*Asks:* 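Below: one structure in structure tokens.
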Amino acid sequence: MRPKGSKQNQRQKSLSKGELQGGLFSGLYAIFIELGVSRKRLQVWQDRFEALGGTVLMPKAPEFEQDVQIIVLASHRAAISKGFKFPKLRFSTKLTFLEFKWIEECLQSGRLLPYEPYSIATSEAAEVLATKKEEVCEHLEHSTAARTSVSSLTDEDISAAPALVSKVTDEDISASIDLLDNKTDDGVTGEDESNQDSILDDEAPDYNKDLSRPLLELSEIYSNVFADEWRSFTYRKVANKLDKLPYKVSNAEELKNIQGIGKSMIAKVKEILSTGQLQKLENLKANSQVQIMQLFASVWGIGPTVARKLYVAGHRTLHDVSGDQSLSSMARIGLKYHNDISQRIPHAEVTAAGAFVRDVIESLCPGAVMIVGGSYRRGNPTCGDIDLVITHPDGHSHKGLLARLLGRLQELEFLVPFSSSMAESSTHKVDTYLGICKHPQYPLYRRIDFKVYPKDSYAFALVSFTGNDVLNRRIRYLARTKGYKLSDQGLYTRVGKHKDAQASEVSIPCETEEEIFEKLGLPYPEPHQRNW
DNA sequence: AATCGACAGAA
DNA sequence: TTCTGT
DNA sequence: GATT
Ligand SMILES: O=c1ccn([C@H]2C[C@H](O)[C@@H](COP(=O)(O)OP(=O)(O)OP(=O)(O)O)O2)c(=O)[nH]1
Ligand SMILES: [Mg+2]
């Protein structure tokens, strides 16, 4: 559904055959000659070529069933004779030799450009016919990994210009309560509810929305359409950063010294500043495949892979999709409640939902602790979903609690029946349930997450579930560089020096969030300061 | 060219 | 494993 | 995409 996590590192696609019609490159076959360009760059082009309907063939001896036109992309003429073995084809296959520049500009403009200014004259016959075959290299390989830019939009010159960041020092609103303290209270204890939607965020950095919005949109497209999670992630990080600046950026050069913002981003900011938009983004948004895939991927349970699969299968609307039998149960529910789920949840409603669940927990398991985490705990005015973290101070009563809780909530018709992990058992330390709920006094169905942890993991779980995701990834990365492994269940030391290495079965105990940040050498950030 | 968090759950 | 999700 |  959404971008967020970086999912797997490697491959993702491996969808079936050539498309029908629809994609920018649908029906086209191309061979990329990896000479004169970095592998990474090549990979980017191939991925996008396929993402938009094209089929990538291997340089060595491709074979086809029909007469098809094949485009051979290379950096220059010499690369062709050196890196391309003219295949002996059984059918008359037309080969068109083009410079990489062609696909680069096609991608940039979002249109299928004519071959003309890009064709490469080959010494041999421009067309090669043959009568032999080699091996089939349909495209079952597809390795995918990290990629790099392709951009090259407006130039990006840079000059010097200081401009410091600074920031917004805020004071907290919420108190941090970390289990252990309550206990005697009246059963289930809540926590910092920065009550009454009075979350007056100190600063209202709306200064650079016009800059961050387009970048965020690009982030979504890179994730949903191109499955390029890393690129998507950095676009999102930069967008967040711009949102937090306490001043309005009027000159892209001001961003030069901010870490995490490189020349490509500066160039884009520059373009937005001068033209009011990003041509690259506008082109993508104008592409129907992009629009449709984004729509599909906006459904909870549908990611870039399935979105593309559905598109290739010929689906063009959510109604089409709803009839597809291949949908996972999660996607089915995501589709059913798509309209409601798409709505943001007001702070007050999250508070009410939390209270509702808290009461049920209390009746089921006195003494249990529940905290509403996620963006709610960070004090955001609206939330995308409801995140609940549950544990029990006695160290064992949490076991089996989730199943009972879910059962009860369904009886009360708060939870929509949906077998996620309903069947408890759980082989892990953490019981997780992702589902849909509706508070009796509110009209819309909402996404809700439950996570039940043993008390020893509670502080870690709280940090993890409070996020945001960028913070989680950053501090975990930091932990790794310091010889630790941080997760939502503990902080572990790594055996072998720095690189690789693993283990440490036992976590370094931490009772509070403060302890965790302290051990990482970080100043403690209040929940509302964790919107990294 | 390598790295960019760590994990749960469904299929 | 792959995909999607947190 | 950014950083090392
Ligand atoms: O990819 C992710 C997504 C989430 N989380 C953690 C941090 C996050 O704060 C928490 C809850 O996730 P959610 O997706 O609900 O994000 P949120 O921060 O609550 O934002 P919102 O729900 O408003 O979209 O889980 C991650 O570590 N990685
Ligand atoms: Mg949330």
Side-chain angles (χ1 to χ4, degrees), chain A residues 1-15 38-41 43-44 145-151 215 218-219 222-224 227-239 241 258-268 297 299-309 326-332 334 373-375 384-385 387-389 418-423 425-435 447-452 457 460-461 464-481 484-490 492 499:
Chain A
M1 172 193 182
R2 15 179 10 193
K4 296 254 170 173
S6 64
K7 317 186 191 311
Q8 295 304 76
N9 263 341
Q10 313 236 314
R11 71 213 75 277
Q12 343 232 7
K13 64 193 78 181
S14 70
L15 299 179
S38 77
R39 202 163 195 176
K40 227 165 127 185
R41 202 160 167 196
Q43 191 65 58
V44 172
R147 302 83 157 173
T148 295
S149 92
V150 161
S151 66
L215 299 183
L218 266 183
S219 168
Y222 276 119
S223 175
N224 299 330
D228 191 340
E229 302 303 332
W230 292 119
R231 197 179 304 271
S232 170
F233 189 46
T234 97
Y235 267 101
R236 192 150 56 84
K237 283 189 293 187
V238 171
K241 214 149 221 180
I258 296 181
Q259 99 102 254
I261 299 181
K263 72 175 190 179
S264 179
M265 289 298 182
I266 289 184
K268 287 181 175 55
V299 174
W300 187 59
I302 296 181
T305 300
V306 172
R308 180 173 168 226
K309 196 183 85 194
S326 72
L327 292 185
S328 66
S329 63
M330 192 188 229
R332 231 173 265 302
S375 50
D385 63 4
D387 303 302
L388 307 178
V389 191
F418 165 48
S419 65
S420 175
S421 68
M422 255 298 271
S425 66
S426 77
T427 15
H428 296 73
K429 301 176 66 175
V430 192
D431 257 357
T432 301
Y433 180 83
L434 312 181
R447 272 274 302 102
I448 186 167
D449 301 343
F450 296 83
K451 288 209 168 215
V452 180
S457 295
F460 300 101
S464 172
F465 222 39
T466 297
N468 61 7
D469 61 322
V470 176
L471 175 144
N472 284 345
R473 296 167 71 165
R474 276 204 55 183
I475 65 179
R476 289 178 186 201
Y477 183 46
L478 174 68
R480 166 174 280 264
T481 67
Y484 295 107
K485 180 185 76 169
L486 174 67
S487 79
D488 62 337
Q489 26 205 298
Y492 311 82
K499 187 59 178 177

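Note that the coordinates shown come from a computational prediction; the quantities given were computed from them, not determined experimentally.
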*Asks:* Can you figure out which of B:dC7, C:dT6, C:dC3 approaches the side chain of A:Q489 most closely?
*Replies:* B:dC7
*Asks:* Can you see which heavy atom on A:F418 is nearest to which on A:S329, and at what distance?
*Replies:* CE1-OG, 3.7 Å
*Asks:* Hey, is the side chain of A:S329 poking within less than 4.0 Å of OP1 or OP2 on B:dA11, counting only N and O atoms?
*Replies:* yes
*Asks:* Calculate the interatomic distance between A:N472 atom CG and B:dG5 atom P; express it in whole Å.
*Replies:* 11 Å
*Asks:* Send over the distance from A:D469 CG to B:dA6 P, rounded to a whole Å.
*Replies:* 14 Å
*Asks:* When you check the phosphate oxygens OP1 and OP2 of C:dT6, does a side-chain N or O of A:R447 lie under 4.0 Å from one of them?
*Replies:* yes
*Asks:* Select one nucleotide: of B:dG5, C:dT6, B:dA11, the one nearest the side-chain heavy atoms of A:D385.
*Replies:* C:dT6
*Asks:* For A:W300 and B:dG9, what is the distance between atoms CH2 and C1' respectively, to the nearest whole Å?
*Replies:* 11 Å
*Asks:* Using a strict cut-off of less than 4.0 Å between a Lys/Arg side-chain nitrogen and an Asp/Glu carboxylate oxygen, indicate whether A:D449 and A:K451 qualify as a salt bridge.
*Replies:* no
*Asks:* Measure from the side chain of A:F233, starting at C-beta and using heavy atoms only, and say which of D:dA2, B:dC7, B:dG5 lies closest.
*Replies:* B:dG5
*Asks:* Output the single nucleotide from D:dA2, B:dG5, B:dA11 whose closest atom is nearest the side chain of A:K40.
*Replies:* D:dA2
*Asks:* Nearest of B:dA8, C:dT6, B:dA11 to any side-chain atom of A:T432?
*Replies:* B:dA8
*Asks:* Round to the nearest Å and state the distance from A:D449 atom CG to B:dA8 atom C1'.
*Replies:* 11 Å
*Asks:* What is the nucleic acid contact for A:V306, judged by heavy atoms within less than 4.0 Å: base, sugar-phosphate only, or nothing?
*Replies:* sugar-phosphate
*Asks:* OP1, OP2 of B:dG5 versus side-chain N and O of A:R473: anything below 4.0 Å?
*Replies:* yes
*Asks:* Could you tell me how far apart A:K485 (NZ) and B:dA6 (P) are, to the nearest whole angstrom?
*Replies:* 8 Å
*Asks:* A:D387 side chain: which of B:dA11, B:dC7, C:dT6 is closest?
*Replies:* C:dT6
*Asks:* Nearest whole Å is fine: how far is B:dC7 C1' from A:R480 CZ?
*Replies:* 13 Å
*Asks:* Starting the side chain at C-beta, find the nucleotide from D:dA2, B:dA6, B:dA11 nearest to A:M265.
*Replies:* D:dA2
*Asks:* Do A:K268 and A:S264 meet the criterion of a side-chain donor-acceptor pair at a distance under 3.5 Å?
*Replies:* yes
*Asks:* Which residues pass the side chain to side chain donor-acceptor pair (under 3.5 Å) test with A:N468, sequence neighbours left out?
*Replies:* none
*Asks:* Once you round it to whole Å, what is the distance between C1' of B:dC7 and CG of A:L486?
*Replies:* 12 Å
*Asks:* Distance between the C1' atoms of D:dA2 and B:dC7, in whole angstroms?
*Replies:* 25 Å
*Asks:* So which nucleotide from C:dT4, C:dT6, B:dA1 ends up closest to the side chain of A:S38?
*Replies:* B:dA1
*Asks:* With the criterion set at under 5.5 Å between ring centres and under 30 degrees between planes, would B:dC4 be stacked on A:W230?
*Replies:* yes
*Asks:* Who are the side chain to side chain donor-acceptor pair (under 3.5 Å) partners of A:S464, not counting sequence neighbours?
*Replies:* A:R476
*Asks:* Between B:dG9 atom C1' and A:K451 atom NZ, what is the distance in whole Å?
*Replies:* 10 Å
*Asks:* Would a distance-only check, ignoring hydrogens and angles, find a side-chain to backbone donor-acceptor pair under 3.5 Å from A:R231 to A:Y222?
*Replies:* no
